[in-house]
Amino acid sequence: MAGAAQGGRCPGPCPERCPGPCPGPLDYATAKFALTRNRRVGLLHRLLQLGALGYLLGWVLLARKGYQDTDRAPRAAVVTKLKGAAVAAAGDAGRRLWDAADQARPPQGERVLVLVTNFIATAEQAQGACAESPAVPDAACTEDADCPMGSPVVHGNGIKTGKCVMFNTTHSTCEIYGWCPVENNTLPRTPLLAEAENFTLFIKNTVHFTKFNFSKCNTLQTNDPTYFKNCTYDPFSNPSCPVFRVRDMVEAAGDTFGDLALRGGSIGVRIEWDCDLDRPAAQCQPQYSFSLQDRRYNFRTASYYWDAQRRLYRNLLKLYGIRFDISVHGQHLPGFEHAAQWGLIPQPPHCSPLTAFPSPPVCHQAGKFSIIPAAVSCGTGIAFFGAATVVCDLVLLYLDAKADFYWKEKFEEAKPPEGKTEAAA
């Protein structure tokens, strides 16, 4: 009752920090503006305002283009075509010409293709019994008991016949039933198809941003039928010619053709589409980058034929080559676009350097002005301006040496004159 008799002041051990009388359930508090001649708080306020303005203009609008709506999940298609020729000896068959039909696997031009650069040939194999290779550990033996009949040779070339035979003057191995003679494993010291470094790879990529009904191709629109036969890609002088020389691609990935061609490898090809559709469509151009994914790659293939006695033979080739991966998919995180533009969460790595990527996607996105993201971005900037005022109020009312004085000046109770109140009653 004593507190109520003294004007209803708030109780507590620190009444000088009380903003005024205890508010009732039907009381209304309105803002009061007080001009303070405090240079330190005034300087802090201006610095916070400049920071909010710089963030809004420099980061949100210019760097992140927060006024644009984006499409990071377009439809994309890739067509590839390999051209070139090389000459090499294929075992006992002698020298033969290898062109794109022989060296490109698969030949129909898909997003993943292999360029053959080296091979090991095993000619005239026929099914029968022969000694297993001493390079296979499970084939070593000293007696027939070491070769149980019917057991497959682990990592070998056939089925054990139950006999231990001499492979040569120094090694004895289990006899197997399989393709004989067994596969040759002697790798040439240099790539047999070294001319493949001058092969060219044509990559045609078309993207369609469905949200904006905009399509773009990475090839130059020209009426010259010989243009793509004579041009080679250069990022400065010929950026619209997607014809790449294989040696240039390997070097751009950080390796040399001779080293990679010997045992094969894998190269990731990355195509980046980052288009600002508020600008002319001609400025929407892709960027290419390459990364080395693996240093070894090989597979086997065989061609079969019958001799005059109707006996089946085959020529086995163990092929080493460079695999080009052009994977087409976008980095799309639904609902995260605006948060990434404001810097509240990390931007998806759709346009980060390929060296940090284990699998190389085709990175593509397009942006165009839209009133909704523009309004949201501007609203975010205005909110930061309001936050600057809140921070300065906290400093003024809690941290300043004259905080008590500012409390009393900022908060007060407004009452109508007593006479008018009684008359109204």
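Note that the structure is predicted; figures quoted are calculated from it, not measured.
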* **Polar side chain donor-acceptor pair, N205 to W273, under 3.5 angstrom** => yes

* Between T161 and E175: side-chain donor-acceptor atoms closer than 3.5 Å -> yes

* Can the ring centres of F119 and W98 be said to be less than 6.0 Å apart? -> yes

* Would you kindly say whether N157 and E132 are connected by a side-chain donor-acceptor distance under 3.5 Å? => yes

Would you be so kind as to tabulate the donor-acceptor pairs closer than 3.5 Å made by side chains of residues 239-252, with sequence neighbours excluded?
unit_1	atom_1	unit_2	atom_2	d
R245	NE	D248	OD2	3.4
R245	NH2	D248	OD1	3.3

* Is the number of heavy atoms from other residues, nucleotides or ligands within 6.0 Å of NZ (K318) greater than 12? -> yes

* Donor-acceptor contact below 3.5 Å, side chain T117 vs main chain A261 -> yes

* To do: Determine yes or no for a side-chain-to-main-chain donor-acceptor pair under 3.5 angstrom, with Q127 supplying the side chain and W179 the backbone.
  => no

* **Backbone N/O of D102 and side chain of R105: donor-acceptor pair under 3.5 Å** => yes

* Under 3.5 Å side-chain donor-acceptor pair for T222 and D224 -> no

* Asked: Is it true that Y304 and Y313 have ring centroids separated by less than 6.0 Å?
  -> no

* To do: Compute the ring centroids of F202 and F228, then answer whether they are less than 6.0 Å apart.
  => yes

* Answer yes or no: is there a side-chain heavy-atom contact under 4.5 Å between V136 and T173? => no

* Asked: Is the gap between the SG atoms of C141 and C164 under 2.5 Å?
  -> yes

